[in-house]
Protein chains: 2
Amino acid sequence: MDPSRHADALRAAQMYYLQDLTMDAIARELRTSRSTVSRLLSSARDSGLVQVQIRNPLDTGPELEGLIRRRYGVDAHVVPVVETLNEAETLDRVAMQAARTIGPLVDSNAIIGVAWGSTLSAVSRHLTRKITHDSVVVQLNGAGNMHTTGITYASDIMRRFGSAYGARVEQFPVPAFFDHAATKTAMWNERSVQRILELQAKMSIAIFGVGSVDADYPSHVYAGGYLDEGDLSTLATSDVVGDVATVFFRADGSSDGIVLNERSTGPALAELRQVRRRICVVSGVSKINGLKGALAARLATDLILDEATARRLVGLEGLAVASR
Amino acid sequence: MDPSRHADALRAAQMYYLQDLTMDAIARELRTSRSTVSRLLSSARDSGLVQVQIRNPLDTGPELEGLIRRRYGVDAHVVPVVETLNEAETLDRVAMQAARTIGPLVDSNAIIGVAWGSTLSAVSRHLTRKITHDSVVVQLNGAGNMHTTGITYASDIMRRFGSAYGARVEQFPVPAFFDHAATKTAMWNERSVQRILELQAKMSIAIFGVGSVDADYPSHVYAGGYLDEGDLSTLATSDVVGDVATVFFRADGSSDGIVLNERSTGPALAELRQVRRRICVVSGVSKINGLKGALAARLATDLILDEATARRLVGLEGLAVASR
DNA sequence: AAGCGATATGCACAAACGTGCAGAACGGAG
DNA sequence: CTCCGTTCTGCACGTTTGTGCATATCGCTT
């Protein structure tokens with residue numbers, strides 16, 4: 001792109017956001033039309049030149065976020081939504097806010113682990129650009145299943161992350177679950193796979209949703225042809241409540257003895273917990289049980305979720321906004 | 001203020017800035033009118049809840065800021081202005097942008113040293129609020145002179161800084177210059193004064209303008225009744241080009257042997273250089289000589305200045321915006 | 001040089017927004 | 001309970017901003 005356009009965008013952004021001039025005044029100074037300035041500004045915004053951040057003072061009394069922080073030890077970001085919204089609208093709004101909340105956390109030299117699923121797909125569609133250097137986006141778990149290689153679906157997500165942050169993208173071209181644990185063992189010794197595993201071990205940020213076994217609309221994992229009848233009934237008898245990156249856990253956060261995990265390509269929970277910043281995005285109350293399990297397993301350091309689910313999490317279902 | 005109003009402002013800000021809803025839509029969700037939302041948002045902005053930041057990628061070619069950085073070793077923030085603006089308008093716009101640039105640099109537990117003068121007065125008028133804890137604003141140099149105690153003028157500046165950042169304000173109730181160096185020595189042993197000096201020694205940020213002896217409109221210091229005829233001629237014979245916080249220096253940045261400094265209440269240049277972050281705000285090309293001296297003395301780590309002065313600084317007076 | 005596709009610009013209109021003003025709601029003081 | 005001063009609210013209006021469309025500009029090919 002024309003570099004002088006970029007320079008103009010910067011000038012315009014400074015004048016608009018830092019000097020409170022109107023677009024009209026800026027247009028006169030840049031000797032162009034007001035509409036061009038409008039477009040310059042929007043390009044400045046979505047090229048990440050302008051960064052809007054909302055810092056809510058942590059001392060805002062007994063707010064939802066504070067409650068969650070104290071109860072579960074995670075930094076919560078509650079997305080305000082009204083109850084009347086349907087699932088899709090809620091997801092979209094949670095995803096948009098999640099995308100913008102994640103932005104400031106991504107730095108140069110970051111290694112960003114990304115899972116897949118409907119939540120992450122939505123998030124990836126709303127990412128705001130931010131220029132970083134030498135960042136890498138690495139896929140957390142395979143996406144293939146019996147019907148497709150899952151390439152297009154998961155890789156779209158990865159690609160969007162990569163281009164938003166100017167990062168190299170490292171896909172993980174394996175199925176979500178192997179049919180036989182032995183295959184996984186074999187593959188895990190392949191150098192091509194080890195390269196990915198090593199990257200994962202060095203992640204500085206991980207971003208994922210949660211699956212919940214009993215969700216109203218079951219997650220991709222449970223309904224998308226990844227598991228057969230036998231697998232599903234095994235899950236039921238092991239008291240599994242949900243998963244993160246196709247690794248399953250129980251309500252108490254434990255995952256030992258869940259045989260399916262031996263065939264899963266996602267990072268072991270203990271491994272995930274090594275990551276400094278672990279961002280979990282959740283939209284929809286029906287994921288509550290999976291979410292509680294993930295929190296019990298201490299899988300997240302940051303949690304972005306809609307208000308209704310947040311209330312449910314701390315047992316305030318009925319209450320309206322605090323102190324009104 | 002009503003705490004629920006604050007909560008609404010936060011919700012509104014999230015929906016507006018993070019979810020791209022219109023004020024109309026937000027009004028419906030909050031069950032209020034669109035105008036109220038508009039007002040909520042502006043209160044969110046100027047209570048510092050919403051933070052707009054402009055990060056210009058440092059790799060934007062041979063830009064003015066890059067040139068200045070390489071030549072003088074300071075982080076430059078060039079404020080775009082057209083040449084046709086008069087002094088007052090330029091100052092206002094530089095001040096506004098300076099105020100908003102400073103904001104993100106102020107943290108909790110900061111000790112902020114602030115000078116006075118027309119530049120800082122303008123800056124103080126445009127500060128955006130930001131809630132911090134246990135911050136202190138400390139006056140860098142006395143403001144009294146033969147005619148007034150200077151209290152109202154300098155203390156207005158200090159007060160504005162204090163209230164913008166929720167910081168304690170520590171004034172320095174001494175004249176700008178003592179008549180006799182001996183009085184300064186005596187006062188500097190007073191515990192009330194030492195308390196201030198100790199605070200200054202612990203400053204984490206210092207904010208100041210520059211005075212330039214030959215400016216078109218001489219700074220307060222040179223015209224405001226602080227110095228008598230004898231002082232002014234002494235300055236002339238010592239090759240002084242300007243001052244920072246009423247401490248004088250020559251074009252090469254040296255200040256040794258300038259007798260007036262022995263009577264000045266500002267921090268010695270060597271002392272100022274100890275401060276981690278030293279922000280210098282300059283508006284108007286006629287301050288160029290003072291500014292060059294200050295840069296030679298390495299008094300600043302960050303420099304906020306108007307475009308015309310920036311061009312002058314790197315010797316590109318005639319040039320228009322790079323690459324157009 | 002002409003032709004062509006992609007991109008950028010300005011116009012004009014519609015949508016979104018800020019703000020003065022009048023009335024409502026609130027919170028003491030008497 | 002009433003009064004009065006203060007703060008908040010919604011309306012209405014004027015201003016500011018986003019965007020579809022027709023036109024212009026640029027870079028590249030033929």
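Every chain is numbered from 1 and lettered A, B, ... according to where its sequence line falls, protein lines coming before strand lines. Keep in mind the model is a prediction, meaning the values are calculated, not measured.
Here the C1' atom of nucleotide C/dA15 and the CG atom of B/Asp20 are 15 Å apart, to the nearest Å. One interatomic measurement links the two molecules: OH of B/Tyr16 to C1' of D/dG18, which rounds to 11 Å at whole-angstrom precision. At whole-Å resolution of the value, CE in B/Met15 and P in C/dC17 are 13 Å apart. Between A/Met23 atom CE and C/dG18 atom P the separation is 11 Å, expressed in whole Å. Going from atom CG of B/Asp24 over to atom C1' of D/dG10 covers 13 Å, rounded to whole Å. What separates CZ of A/Arg31 from P of C/dG10 is a distance of 13 Å, to the nearest Å. For B/Arg39 and C/dC21, the CZ to P distance is 13 Å, given to the nearest whole Å. Spacing between atom CG of A/Leu30 and atom P of C/dT9 amounts to 11 Å, rounded to whole angstrom units.
Taking 4.0 angstrom as the limit, B/Arg45 places none of its side-chain polar atoms (N or O) nearer than this to OP1 or OP2 of C/dC17. The phosphate of D/dG18 (OP1 or OP2) has a side-chain N or O of A/Ser38 nearer than 4.0 angstrom.
Nearest nucleotide to the A/Ser35 side chain, out of C/dG10, D/dG10, D/dT17: C/dG10. Distance from the side chain of B/Arg34 is smallest for C/dC17 among the nucleotides D/dG18, D/dG10, C/dC17.
Backbone-only engagement by A/Thr22 is indicated by non-hydrogen atom pairs under 4.0 Å involving sugar-phosphate atoms exclusively. No contact: B/Ser42 has no heavy atom under 4.0 Å from any strand. Within the nucleic acid shown, A/Thr36 comes within 4.0 Å of sugar-phosphate atoms alone, with no base atom in reach, counting heavy atoms only.
When only modelled atom types and interatomic distance are considered, A/Arg125 and A/Ser121 share a side-chain donor-acceptor pair under 3.5 Å.
The two residues B/Ala99 and B/His126 come nearest to each other via the heavy atoms CB-O, 3.3 Å. Listed here is the closest heavy atom pair of B/Ile68 and B/Val78: CD1-CG2, 4.5 Å. Shortest non-hydrogen contact noted between B/Ala143 and B/Ala154 is CB-CB, 3.6 Å.
Exactly one of B/Gln97, B/Arg93, B/Arg100 qualifies for a side chain to side chain donor-acceptor pair (under 3.5 Å) with A/Asp20. That residue is B/Arg100.
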